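One structure below.
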Amino acid sequence: MSNVTLKGIYKRFPGGVTAVSDFNLEIEDKEFIILVGPSGCGKTTTLRMIAGLEEISEGELYIDNKLVNDVAPKDRDIAMVFQNYALYPHMTVFENMAFGLKLRKTPKPEIKKRVDEAAQILDISHLLDRKPKALSGGQRQRVALGRAIVRDPKVFLLDEPLSNLDAKLRAQMRTELSKLHQRLATTFVYVTHDQVEAMTMGTRIVVMKDGFIQQVSAPQVLYEHPTNLFVATFIGTPQMNTIIGTIVDKDGHTYIKVGEFTILLPDEKGRKPEVLAYDGKEVIVGVRPENLHDEPRYLEMYPDATVVAHVDLVEMMGSETYLYLLVEGQNFIARVAPTSTALNGDKIKIAVETGKIHLFDKDTEKTITN
């Protein structure tokens, strides 16, 4: 078992700065959990507390059901992979990977066996005699992973390990890491600010902001059912469009009034008591780019949910097209079919997929419905 439990964890730095507040999380054995959020949200500090590199100010940390608050990093049976790889430049790849085992006085035949096995898993057997300066960024990343693998730890901690790689290599390494997790069947705790990494790799995602957990859920649940406006706009590329609208309950139907436009909500969403409680009040309306359409069939499907938009820019991406729009003075992005005929400067009709509309309280920014 390699479960990790954080109970009421706080990290306070001298000068009164609280980096992490009341962090509660149960990480299951063999889980690939991702801590994601903007810079300064406390995710790396949390990872370093699990590693023992930062002291916990308050709360309890358990690894394998054992309290480890006062256990030294070397005795926690964890391995950490850093953003800058932290390889020794004067050592070969083999020596870098073997270094931790040598410190533990592991017998030489066992060291060679473990290094060779890890090198084979990571496809770096042909690099074992090279020094780090002779390696590419992706190869150095594999060596850093190899150094962690040979230790056969209970928990892998990875701190933005792909951030120094180019976009193509990053996408490739995402896949490699996911395969590696399945192969090793070990608990992974992974920190990133890149929500694409989070969405594609994690079994669960922990979204953080200002030291607090905002939501912990599976990737698709976060995407479809965000708990607040921050999670809704942080998860998803391009990010969710938002605009202020007023809820109107009229003749047994619920509408959203946005400037000149009125959008009819489907009854299964609009007639919910939590939505009707906002009758006559302003709310934040959210809609994802892929739920805005300019195709005639959608305009026919949603005759009571169309708006007129000014096209600022058309960006053709090959498999899809992004329309940068102006609606009621607000910037919107629509992700539409590549067959779209919209041109820069056009005024076009846009259909809103009303079943996918998200509503948020204007003051608390908490989700009303999604």
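As the structure is a prediction and not an experimental result, all values here were calculated from the model. Just so you know, these numbers use all the heavy atoms, side chains as well, and skip hydrogens, waters and symmetry mates.
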ask   = Do the rings of Tyr324 and Tyr322 sit parallel, tilted or perpendicular, given the 30° and 60° boundaries?
value = perpendicular
ask   = Would a distance-only check, ignoring hydrogens and angles, find a side-chain to backbone donor-acceptor pair under 3.5 Å from Asp304 to Tyr302?
value = no
task = May I ask you to check whether Asn164 and Asn84 show a side-chain donor-acceptor distance below 3.5 Å?
result = no
ask   = Okay, side chain of Arg76, backbone of Ile50: is any donor-acceptor separation there less than 3.5 Å?
value = yes
ask   = Hey, does the side chain of Asn24 reach the backbone of Lys7 with a donor-acceptor pair shorter than 3.5 angstrom?
value = no
request  = Test the Lys102-Phe99 pair against the cation-pi criterion, namely NZ or CZ under 6.0 angstrom from the six-membered ring centroid and within 45° of the ring axis.
outcome  = no
Nearest heavy-atom neighbours spanning Thr367 and Pro226 = OG1-O, 2.7 Å
ask   = Thinking salt bridges, do Glu54 and Lys11 make one under a 4.0 Å N-O criterion?
value = yes
Pairing of Lys112 and Asp116 as salt bridge, 4.0 angstrom limit = yes
key: Exam field: side chain Ser2 to backbone Thr186, donor-acceptor pair closer than 3.5 Å   = no
inquiry  = Evaluate Val311 against Leu325 for side chain to side chain contact (heavy atoms under 4.5 Å, CB included), listing each step before the verdict.
reply    = CA-CA 5 Å; Val311 181; Leu325 309 167; 3.8 Å; yes
key: Side chain Arg204, main chain Phe32, donor-acceptor under 3.5 Å   = no
task = Using the six-membered ring of Tyr223, assess whether NZ or CZ of Arg288 lies under 6.0 Å from its centre and within 45 degrees of the ring axis.
result = yes
ask   = What closest approach, in Å, do Ile256 and Ile247 show between heavy atoms, and which atom pair accounts for it?
value = CG1-CD1, 4.2 Å
query = In terms of heavy-atom contacts, does CD of Glu224 have more than 12 from other residues, nucleotides or ligands at under 6.0 Å?
reply = yes
query = So, the side chain of Gln195 versus the backbone of Gly236: is there a donor-acceptor pair under 3.5 Å, distance only?
reply = yes
inquiry  = Keeping Thr192 on the side-chain end and Asp194 on the backbone end, is there a donor-acceptor pair under 3.5 Å?
reply    = yes
query = Should the ring pair Phe234 and Phe230 be called parallel, tilted or perpendicular, given that the plane angle runs from 0 to 90° and is split at 30 and 60?
reply = parallel
ask   = If you round to the nearest 0.5 Å, how far is CG of Leu6 from CE of Met49?
value = 7.5 Å
query = Less than 4.0 Å between a side-chain N and a carboxylate O, is that true for Lys43 and Asp159?
reply = no
task = May I ask you to check whether Phe23 and Tyr10 place their ring centres under 6.0 Å from each other?
result = no
ask   = Has the side chain of Asp22 got a donor or acceptor atom that lies under 3.5 Å from a matching backbone atom of Gly8?
value = no
ask   = Of all heavy-atom pairs between Ile149 and Pro153, which one has the smallest distance, and what is that distance?
value = O-CD, 4.3 Å
inquiry  = Between the side chains of Arg12 and Glu58, is the shortest nitrogen-to-carboxylate-oxygen separation below 4.0 Å, so that they form an ion pair?
reply    = yes
ask   = Can you tell me if Asn241 uses its side chain to pair, donor with acceptor, with the backbone of Ile333 under 3.5 Å?
value = yes
